[in-house]
*Asks:* 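Sending over a structure as structure tokens; questions will come in a sec.
First listed ligand is number 1; within each ligand, the first listed atom is number 1.
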Amino acid sequence: VGTGEAGGQRTGQSAVWHDPSGDAGLQAAITALQAGQFKPLASAGSTGLKKGSYWSFFELHNTRQQQLPLRLEYVDHQLIRLRAYVREAGAGGEFREVADQAMGEPFARRPVFHNRFVVPVTLDAGEITGFLVRFDSEEAGFVFPSMRIWSPDALSKSHTGETAVLAFLFGGIALISLFSLIVGVTTGDSSFFAYFVYGISKIIAWGTILGFTHQYVVQNHFHWSYMSAAGALSIFCGVVFDRLFLQTHKYTPRLDYLLLLMMVNAGVLLVSALLQLKQVALISITLALLFYPLMTFVALVRWRQGSSEAAVFAIGWTLLLTGLFYQALRDLGLVEHNLLNYYLPPLSSFVEMVTIMAAMGIKLRRVRLQGLESERQYRRHLEQSKVKLEGLVRARTEELEKAKQQAEMEARTDPLTGIRNRRSFLAEAELCLKRAYRKGEPVSLLMFDIDHFKSINDNHGHGIGDEALRQFSHTIQAKIRETDVFGRLGGEEFALLITETRPDALHTAERLRDNITGIRLPSGEEEVQFTSSIGVACAHQTQTLEQLMREADEALYAAKQGGRDRVVEYAQSNADAHATLSREEPQPA
Ligand SMILES: Nc1nc2c(ncn2[C@@H]2O[C@H](COP(=O)(O)OP(=O)(O)OP(=O)(O)O)[C@@H](O)[C@H]2O)c(=O)[nH]1
């Protein structure tokens, strides 16, 4: 040494002895060394899971002509205890303890401020010094017996660099977690809350496992169980998040049971850590790691079921698995230790966080699109219902309008003949009269009464009587104008208001009377014929309908008296005649 040491491991130049009992002290190790039981160390890898302690022997030769301060660094963070002895050249080859560092001791006792064990030594100019280093992992553990040799400056720079890289990774995870928390609060999606907790648990786990929790947070005490507990927490939170995110409970219920088992196992790991049951903790953590690939499988199943975010999740989880798998290979001594595979697990954990965040983004987008789609469908539905409802309302309004019109028509119409009834005739005739007066048009009222109608009923039956009334109405209706007002006043009595001058009205009355005589009603073998008497009154501009009707009625009466089947116009003389007739032939009550 003396040429600017920067972390070289010099594996081939040290020798290692395994003491399976872990009881051998310094003297026993020296005896083993002298007996040639130390074997050359061929690799910078781990010893694999072994019981007891490992001893390493190596010599350092200071090639410089001045004192040389050095740092011997243990390459991993999971060692329980490290003791180092220096063989003093000048004192007959006696070994002297120069370091005794333990994981459980307060961090302040460490001679070098570093998250891993570092032994500071100083070599005199040209000195050749032998070192014995004892590594204890307690019960079953693994050891990396290849110490790295640093100049103090190089170690400090490297440590700062490592801390910066880890600060970046942890900071990134912290930011993603915080972002996830904000998204969780905004969207109310519980998987985002779970992801936040998962991210925080990752920081705690990796910070603890890599020794930073001891270095910066709980400096006064530390224990291997803290690492297991932090790991258990992270595994538990991870499975909780995965179940929520992949909705396994709903879509893959059977696989979900296995994930529940993983959570139980994480619980066992936590309890065994708290009770410091190292063997149980070891089994539990091994089981947890064996179960880890299951998550990728579940994600792939969910992907096959159509969840695109599950595919991205599977990639993220596989990246994490790769890191953990590589660490397991390193811990078991199947691949050599180097800085890359030492930091691969936290790095893959970081990449996993980023990838899964992308999966969460895909999920958010899908949920948003689904929301938009259902809103669109809802609007479409609403529009359809509106149109339907409007149609119903329109149809119902039309129905009501028809019913109203029907009711109104029925109220106006005489059911037997289908022409205006008395009430409707009076109302319409009143209007027509006023209109005619306003325009100065002539108006005449014709009053009809079928002659000897009683005898039609009596001789041919009521049915023929009814038919006579109908034929009578239809005949008149067919011969008058639309503007004329025609109605049945009752019984066999009818009235017709026409806007015609006196001669025209008389002419019309005569024409109608003639038409009536042309009606033929078949009744058995016979044909029934009948006639009608008509009274005509021509209005003067001041007459009321009532007066006009009275006059027409009087004219009708005169027509009856005159022998029936005739038209008689109202004239004062008629009235007089009527009065005369009344005297001669009193009317029946
Ligand atoms: N079939 C039928 N007969 C009716 C209806 N309304 C009234 N009548 C009958 O019409 C007859 C009217 O008879 P009268 O008032 O004596 O008059 P008339 O027999 O026509 O004789 P004159 O008017 O003097 O020519 C009565 O027998 C009523 O019962 C009806 O809606 N249908």
Side-chain angles (χ1 to χ4, degrees), residues 409-429 445-478 480 485-497 506 508-537 548-571 574-589:
M409 205 191 57
E410 278 169 11
R412 287 198 306 261
T413 310
D414 170 55
L416 180 70
T417 58
I419 62 168
R420 291 180 193 283
N421 57 21
R422 182 184 184 88
R423 193 161 58 105
S424 166
F425 171 81
L426 292 177
E428 195 57 31
L445 183 73
L446 277 64
M447 197 80 94
F448 300 77
D449 192 290
I450 300 175
D451 300 327
H452 303 301
F453 189 65
K454 186 174 180 303
S455 64
I456 299 179
N457 273 336
D458 293 347
N459 298 334
H460 303 280
H462 234 257
I464 297 294
D466 283 352
E467 189 52 30
L469 291 170
R470 272 193 289 268
Q471 289 295 327
F472 174 86
S473 307
H474 292 170
T475 304
I476 306 279
Q477 189 84 52
I480 58 173
V485 186
F486 180 50
R488 182 181 176 197
L489 299 180
E492 83 291 22
E493 201 175 56
F494 296 82
L496 172 67
L497 192 80
L506 288 172
T508 301
E510 191 53 47
R511 184 168 51 89
L512 292 175
R513 188 202 58 75
D514 188 46
N515 286 142
I516 288 158
T517 55
I519 297 172
R520 300 281 182 280
L521 295 173
S523 168
E525 302 282 289
E526 299 174 52
E527 266 191 341
V528 179
Q529 256 183 292
F530 57 89
T531 58
S532 171
S533 303
I534 306 172
V536 181
L548 200 59
M549 281 178 78
R550 202 166 46 243
E551 289 176 6
D553 202 36
E554 277 177 22
L556 174 63
Y557 182 77
K560 288 273 181 191
Q561 292 302 316
R564 298 184 172 78
D565 189 21
R566 68 194 57 210
V567 176
V568 174
E569 184 196 359
Y570 172 80
N574 281 351
D576 298 343
H578 177 201
T580 319
L581 283 169
S582 297
R583 274 193 299 281
E584 288 169 0
E585 214 179 303
Q587 290 299 295

*Asks:* Is there a heavy atom of His460 sitting under 4.0 angstrom from any atom of ligand 1?
*Replies:* no
*Asks:* Quick one: pull up CZ in Arg470 and CD in Gln477 and give me the separation to the nearest 0.5 Å.
*Replies:*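 So the gap between those two atoms works out to 15.0 Å.
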*Asks:* Check ligand 1 against Asp449 and write out every atom of the ligand that is under 4.0 Å from a heavy-atom position of the residue.
*Replies:*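 Checking each atom against Asp449, I get 23 (O).
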*Asks:* Of the side chain and backbone of Asn457, name the one, both, or neither that has a heavy atom under 4.0 Å from an atom of ligand 1.
*Replies:*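 Near ligand 1, Asn457 shows its side chain, while the N, CA, C and O stay back.
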*Asks:* Evaluate the side-chain contact (heavy atoms from CB on, under 4.5 Å) criterion for residues Phe494 and Ile476: first the C-alpha distance (whole Å), next the side-chain angles of each, then the deciding distance (0.1 Å), finally the verdict.
*Replies:* CA-CA 10 Å; Phe494 296 82; Ile476 306 279; over 6 Å; no
*Asks:* Considering both backbone and side-chain atoms of Asp466, is one of its nitrogen or oxygen atoms within less than 3.5 Å of a nitrogen or oxygen in ligand 1?
*Replies:*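 By distance alone, the answer is yes.
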*Asks:* Ligand 1 versus Arg488, non-hydrogen atoms closer than 4.0 Å: side chain, backbone, both, neither?
*Replies:* side chain
*Asks:* Do the side chains of Leu445 and Glu551 get nearer than 4.5 Å, heavy atoms only?
*Replies:* no
*Asks:* Short list, please: which atoms of ligand 1 are under 4.0 Å from a heavy atom of Leu469?
*Replies:*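 Within the 4.0 Å cut-off of Leu469, ligand 1 contributes 30 (C), 31 (O), 32 (N).
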*Asks:* Side-chain contact, heavy-atom cut-off 4.5 Å: Met549 with Leu489?
*Replies:*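 Met549 reaches Leu489 side chain to side chain.
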*Asks:* Based purely on interatomic distance, does Phe453 place a nitrogen or oxygen under 3.5 Å from a nitrogen or oxygen of ligand 1?
*Replies:*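 Yes; the residue has a nitrogen or oxygen that sits under 3.5 Å from a nitrogen or oxygen of the ligand.
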*Asks:* Quick check: does any side chain N or O of Arg513 sit under 3.5 Å from a backbone N or O of Arg511, one acting as donor and the other as acceptor?
*Replies:* no
*Asks:* Between Ala468, Ser533, Ala559, Gly491, which one has a non-hydrogen atom sitting closest to atom 7 (C) of ligand 1?
*Replies:* Gly491
*Asks:* Under the side chain to side chain donor-acceptor pair (under 3.5 Å) test against Arg488, which residue among Thr417, Asn421, Asp414 passes?
*Replies:* Asp414
*Asks:* Looking at Gly465, which atoms of ligand 1 are within less than 4.0 Å of one of its heavy atoms?
*Replies:* 1 (N)
*Asks:* Which atoms from ligand 1 have a heavy atom of Arg564 less than 4.0 Å away?
*Replies:* 22 (P), 24 (O), 25 (O)
*Asks:* Among protein heavy atoms, which sits nearest to atom 16 (O) of ligand 1, and what does the distance come to when rounded to 0.1 Å?
*Replies:* Lys454 CD, 3.9 Å
*Asks:* Can any side-chain N or O of Gln529 pair as donor or acceptor with the backbone N or O of Thr517 at less than 3.5 Å?
*Replies:*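 It does hold such a pair.
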